[in-house]
Amino acid sequence: MTAPRTPSPRKAFGRLSLPERTYVADALRAETVGGMLLLVAAITALIWANVPAVHDSYENVSNFHFGPEALGLNLSVAHWAADGLLAVFFFVAGIELKRELVAGDLRDPRAAALPVVAALCGMAVPALVYTLTSGIGGGSLAGWAVPTATDIAFALAVLAVIGTSLPSALRAFLLTLAVVDDLFAILIIAVFFTADLDFLALTGAVVGLAAFWLLLRKGVRGWYVYVPLALVVWGLMYNSGIHATVAGVAMGLMLRCHRREGEERSPGEHVEHLVRPFSSGLAVPLFALFSAGVAVSGSALANVFTTPETLGVVLGLVVGKTVGIFGGTWLTTRFTRASLSDDLAWADVLAVATLAGIGFTVSLLIGELAFGDDASMADSVKAAVLTGSLIATAIATVLLRIRNAKYRKLTEDEERDDDLSGVPDIYEEDDPAYHLRMAEIHERKAAEHRQLAREKAEGRGGLAEAPGGAGEDHGGPA
């Protein structure tokens with residue numbers, strides 16, 4: 001009797017399916033471009049805010065107010081960027097999360113365990129590091145959530161420059177990790193940074209969301225229906241006291257992200273394709289432009305490492321993120337059936353865990369919310385976020401360069417297409433037609449080499465046919 005087959009342990013960071021790999025590659029290209037623009041915007045903000053000749057203009061533009069006062073929306077430019085444009089970013093994050101839940105790694109509880117646990121540990125440990133550092137130093141605990149968020153656009157921009165040969169599965173892990181990270185960051189904002197609730201406005205926002213969901217289920221099409229409704233929901237959510245970005249992620253989660261028969265794209269994929277360029281190319285860079293403009297000087301940078309709150313942010317991003325994500329991944333593989341792919345080493349996980357210490361967009365937003373009543377401390381925390389992110393980038397760059405040779409070999413294996421079918425060979429190993437094509441290719445090459453051998457033999461008067469041939473002059477085999 002044949003013994004019952006024991007299921008093999010699930011490989012973490014295993015090879016992606018070809019459709020998933022294609023999606024990840026497309027998403028990485030979009031995120032990478034957005035990360036580059038984000039970097040340019042941040043550098044521009046720092047220059048604009050620190051050059052004396054133009055510093056006042058930066059403050060004037062940031063603090064310029066516009067919008068309908070009667071609707072409670074007479075906001076500053078910086079406020080519009082943080083609450084308005086960033087809602088678009090979270091809308092796209094909501095679609096990404098929905099897609100992961102229905103078609104990505106998160107649809108399988110066993111596969112989801114790894115990025116979920118890693119993300120949770122990658123948020124809990126930085127919060128703990130901040131709390132201990134600031135508490136022991138007698139500082140405020142209000143900023144405990146600042147170092148919990150990872151900026152995926154910046155992280156992928158670094159990968160685009162340094163880790164060009166990083167395996168797609170490990171990149172997919174970073175994407176999934178960031179999506180889960182964004183979800184919990186939104187929950188933190190909604191639960192811990194909500195002002196006094198206006199239940200009338202909140203009820204209106206909920207009704208608007210219900211109408212949005214109903215229209216989607218009825219198959220109603222047209223941007224002229226959904227965009228005005230989305231603006232109304234956003235305005236009501238803002239006035240309810242809950243951060244307005246929550247409206248964005250709620251609407252993103254409502255979109256259908258699985259394909260029906262005859263569809264080339266699901267509605268969620270279609271909308272994401274349309275909105276992502278606006279999000280990564282305009283909304284997020286503008287937020288960075290009006291959030292990253294903090295005064296940087298030698299004394300200010302020194303204070304980052306001497307003030308308990310700012311030191312807690314730096315250590316949370318650099319140490320907490322790395323220990324949390326790496327430790328969470330190790331614990332999951334140690335106490336569950338998940339295990340690392342044979343092609344990857346723990347050094348690869350360490351590099352990605354360090355890279356996740358780049359906190360920017362959401363960290364800056366939480367810093368503004370946590371220290372909104374103390375402008376000086378809010379600016380110091382922003383400087384700490386920039387400093388911690390820069391240190392994490394430097395460490396990750398070193399680790400990625402060390403691993404780059406291994407990444408390049410893995411990428412070559414993933415990209416090899418010897419049968420010229422347009423599909424990498426690694427995805428066709430179980431297809432009999434692939435092996436027939438390869439056999440035909442090898443037979444053709446063998447025939448060519450036999451023909452060359454005959455031609456060479458005839459050209460040398462048949463000497464090459466002798467087994468010893470030229471090698472006999474040297475007392476050894478040819």
Side-chain angles (χ1 to χ4, degrees), residues 42 45-46 49 78-79 81-83 86 90 119-151 154 178 181-195 241-243 245-246 287-288 290-296 299-325 356-393:
L46 289 171
H79 208 163
D83 289 270
L86 212 56
F90 279 106
L120 285 173
C121 293
M123 299 184 81
V125 175
L128 180 61
V129 169
Y130 174 92
T131 301
L132 290 175
T133 304
S134 187
I136 293 174
S140 170
L141 301 183
W144 64 270
V146 174
T148 60
T150 294
D151 193 299
F154 255 143
D181 187 288
D182 284 342
L183 171 63
F184 287 106
I186 292 163
L187 292 176
I188 287 174
I189 291 171
V191 174
F192 295 100
F193 297 100
T194 295
I242 296 177
H243 200 270
T245 53
V246 174
F287 167 76
F290 293 107
S291 294
V294 296
V296 178
S299 59
L301 292 177
N303 289 337
V304 166
F305 297 98
T306 57
T307 304
E309 294 88 346
T310 53
L311 180 60
V313 170
V314 173
L315 292 179
L317 289 172
V318 177
V319 179
K321 274 289 184 182
T322 303
V323 172
I325 293 174
I358 301 176
F360 193 80
T361 305
V362 182
S363 291
L364 291 176
L365 175 62
I366 295 177
E368 291 181 354
L369 297 174
F371 298 101
D373 297 331
D374 187 345
S376 176
M377 180 55 69
D379 284 345
S380 296
V381 166
K382 289 181 181 180
V385 170
L386 296 175
T387 302
S389 298
L390 184 60
I391 295 173
T393 301

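The salt bridge (charged side-chain N to carboxylate O under 4.0 Å, His left out) check on D151 picks up nothing, with sequence neighbours excluded.
F371 has its side chain within reach of S140: a pair of non-hydrogen atoms, C-beta onward, lies under 4.5 Å apart. Side-chain contact between F184 and T148 is absent, with no heavy-atom pair separated by less than 4.5 Å. Looking at I186 and V246, their side chains come closer than 4.5 Å, going by heavy atoms from C-beta outward. E309 has its side chain within reach of Y130: a pair of non-hydrogen atoms, C-beta onward, lies under 4.5 Å apart. You'll find the side chain of F90 reaches within 4.5 Å of the side chain of L365, heavy atoms only.
Put simply, CG on L364 and CG on L369 are 11.0 Å apart, with the number rounded to the nearest 0.5 Å. Taking CD1 of I136 as the start and OG1 of T131 as the end, the distance is 10.5 Å to the nearest 0.5 Å. Annotation: the span from L86 atom CG to H243 atom NE2 amounts to 7.5 Å, rounded to 0.5 Å. To the nearest 0.5 Å, atom CD1 of residue I391 and atom CD1 of residue I358 are 12.0 Å apart. The distance from the OG1 atom of T387 to the CG atom of L317 is 10.0 Å, given to the nearest 0.5 Å. We find the CG-OG distance between D374 and S380 to be 8.0 Å, quoted to the nearest 0.5 Å.
A distance-only check finds a donor-acceptor pair linking the side chain of T150 to the backbone of A356 [under 3.5 Å]. For the pair K382 (side chain) and A292 (backbone), a donor-acceptor distance under 3.5 Å is absent. Looking only at distances, no side-chain donor or acceptor of S363 sits under 3.5 Å from a matching main-chain atom of P147.
Closest approach of S291 to E368, counting heavy atoms only: OG-OE2, 3.4 Å. Shortest non-hydrogen contact noted between G320 and V125 is O-CG1, 3.5 Å. When every heavy atom of C121 is checked against every heavy atom of P126, the shortest pair comes out as O-CD, 3.8 Å. Closest approach of A288 to A42, counting heavy atoms only: CB-N, 4.5 Å. Scanning both residues, T310 and N303, for their nearest heavy atoms gives OG1-O, 3.3 Å. Nearest heavy-atom pair, A370 versus G143, reported as atom, atom and distance to 0.1 Å: CB-CA, 4.2 Å.
Taking the six-membered ring where tryptophan is involved, the planes of F192 and W144 are perpendicular, since the angle between them exceeds 60° and thus also 30°.
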